[in-house]
There are 2 protein chains.
Amino acid sequence: MKKKKDSSRYKNYLFNYKVWLSTITGQGIIDEDKYRILKLIKEKGSLKAAVKKVGVSYRKAWGDLKTAEEHLGYQIITKQRGGKEGGTTVLTSKGEKLIEAYEALQEKFDDSVEEAFAEFQRKIKENQ
Amino acid sequence: MKKKKDSSRYKNYLFNYKVWLSTITGQGIIDEDKYRILKLIKEKGSLKAAVKKVGVSYRKAWGDLKTAEEHLGYQIITKQRGGKEGGTTVLTSKGEKLIEAYEALQEKFDDSVEEAFAEFQRKIKENQ
DNA sequence: TTGCGTTGTGTTTTAATATGCATATCGTGA
DNA sequence: TCACGATATGCATATTAAAACACAACGCAA
């Protein structure tokens, strides 16, 4: 049995919300999972270790990162096969900028939507 | 070949975002599709007509609405079989409140995240 | 030169969702 | 009382995304 992963941003309300970014053609750029993987790559220097912790398959994460790079038009990670450790994956400086931008975005979202959520809930509550 | 439906909220940026609400246990309450269906029910008085326009199967929409009602704890639509037209589906007043609250939420999102998006994009642009 | 551990990638399997189909139920109006 | 058209719902099929699997490729270190 696989544990169910949920990348929602939990709020102090009855409801969740999720946000993710994609290109206008629908290609995924970054979401909570990919963000966590990138953070762990930065920490561990290994994609394999990162996906294990996040609980997503290596195959999928590898493909997702490749897709994201293609659509961004630049590399966010640099990978190496072989060597003492078997190989490594590290963030490029652009990759670091990406996660910083994503963090800032999430922070702004958290702040700015709080009121919207509170109001939604208040309106829904009137229905009880 | 089925046409791919996308319930993203398109912005004047390179990116999209999607928002949807669920209970904290992950049960879907409302998203863009369900919102559109409810609007069309209000307009047409028919679930069948609504799902046709939105492009989702009657079977699914019917089940989703039922689930949403179970988790909200009240009815958002009232349905009738038989009669001149074969049957009808209309919104309850609580259903109307729900879509109003959802509209207000989306509006607030649109307003409040605009700045966050702009800043994200500005940061990402530095990467080019 | 062999083994190790990780990246790289196609193929197969599995699981989750949605669709499609079949058929019952109902209420009006002809 | 019969046909119509929409709702109601189980079930079988199809679709899709993800996971699992299986190896190849690589480079260091013993």
Side-chain angles (χ1 to χ4, degrees), chain A residues 1-7 18 20 22 26-28 31-34 36-38 40-70 75-92 95, chain B residues 1-7 18 20 22 26-28 31-34 36-38 40-70 75-92 95:
Chain A
M1 203 49 178
K2 284 270 111 187
K3 54 181 171 266
K4 182 93 70 63
K5 291 281 180 168
D6 188 342
S7 57
K18 291 185 192 182
W20 79 101
S22 59
Q27 310 296 348
D31 59 8
E32 197 65 20
D33 269 354
K34 205 176 293 170
R36 290 170 63 203
I37 287 169
L38 291 174
L40 286 164
I41 285 173
K42 182 186 167 99
E43 180 189 330
K44 295 169 181 295
S46 160
L47 174 55
K48 191 181 185 192
V51 299
K52 186 180 176 187
K53 195 146 187 177
V54 173
V56 57
S57 70
Y58 181 92
R59 190 69 185 76
K60 172 170 161 52
W62 185 90
D64 285 353
L65 287 169
K66 192 177 174 191
T67 299
E69 287 186 329
E70 279 165 9
Q75 278 191 281
I76 52 182
I77 48 177
T78 53
K79 298 163 283 184
Q80 245 193 95
R81 285 198 288 199
K84 183 185 171 189
E85 313 286 314
T88 58
T89 301
V90 297
L91 294 186
T92 64
Chain B
M1 203 48 177
K2 282 273 112 185
K3 53 181 172 263
K4 182 94 72 62
K5 291 281 180 168
D6 189 342
S7 56
K18 290 184 191 180
W20 80 99
S22 59
Q27 310 295 347
D31 59 9
E32 199 65 17
D33 268 355
K34 204 177 295 172
R36 290 171 62 205
I37 287 169
L38 290 174
L40 285 164
I41 286 173
K42 182 185 167 100
E43 180 189 330
K44 294 169 182 292
S46 160
L47 174 55
K48 191 180 186 192
V51 300
K52 186 180 177 187
K53 195 148 189 178
V54 172
V56 56
S57 70
Y58 181 91
R59 190 67 185 80
K60 171 169 160 53
W62 184 89
D64 285 354
L65 287 170
K66 193 178 175 192
T67 300
E69 287 187 329
E70 279 166 9
Q75 279 193 282
I76 53 182
I77 49 178
T78 53
K79 297 163 285 183
Q80 246 193 95
R81 289 196 285 200
K84 183 183 171 190
E85 313 285 315
T88 58
T89 301
V90 297
L91 295 186
T92 63

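Just so it is clear, the values below take in all heavy atoms, side chains as well, and ignore hydrogens, waters and symmetry mates. Each chain gets a letter, A, B and so on, in the order the sequences are listed, and its residues count up from 1.
- Heavy atoms only, all atoms of each residue included: W62(B) and K79(B) are closest at NE1-NZ, 4.0 Å.
- In this structure, D64(B) CG and K34(B) NZ are separated by 5.0 Å, a value rounded to the nearest 0.5 Å.
- Taking atom NZ on K52(B) and atom P on dG5(D), their separation rounds to 13 Å, with Å as the unit.
- Phosphate contact (OP1/OP2 of dA18(D), side-chain N/O of K60(A), threshold under 4.0 Å): present.
- Two residues are said to be in side-chain contact when any heavy atoms from C-beta on lie closer than 4.5 Å; L65(A) and L47(A) meet this criterion.
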Protein-proximity profile, nucleotides 2-15 of chain C, B/S/- by nucleotide at the 4.0 Å heavy-atom cutoff, equals ---BBBBBB-----

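- Counting all heavy atoms, side chain and backbone alike, A49(B) lies closest to K44(B) at CB-CD, 3.7 Å.
- Using a distance-only test at 3.5 Å, with no hydrogens or angles considered, a donor-acceptor pair links the side chain of Q75(A) to the main chain of I77(A).
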If you apply the rule side-chain contact (heavy atoms from CB on, under 4.5 Å), what do you find for I76(B) with L91(B), and how did you get there? CA-CA 6 Å; I76(B) 53 182; L91(B) 295 186; 5.8 Å; no

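- Considering every non-hydrogen atom in both I37(B) and A61(B), the closest pair reads CD1-CB, 4.0 Å.
- Separation of atoms CD1 (I41(B)) and NZ (K53(B)) is listed at 13.5 Å; rounding is to 0.5 Å.
- Bending across the helix from dT1(C)-dA30(D) to dA30(C)-dT1(D), expressed as the angle between its end axes from five pairs apiece, amounts to 20° (10° rounding).
- In this structure, the CD atom of E70(B) is 13 Å from the P atom of dA8(D), given to the nearest Å.
- Regarding D64(B), its CG atom lies at a distance of 15 Å from the P atom of dT7(D), rounded to whole Å.
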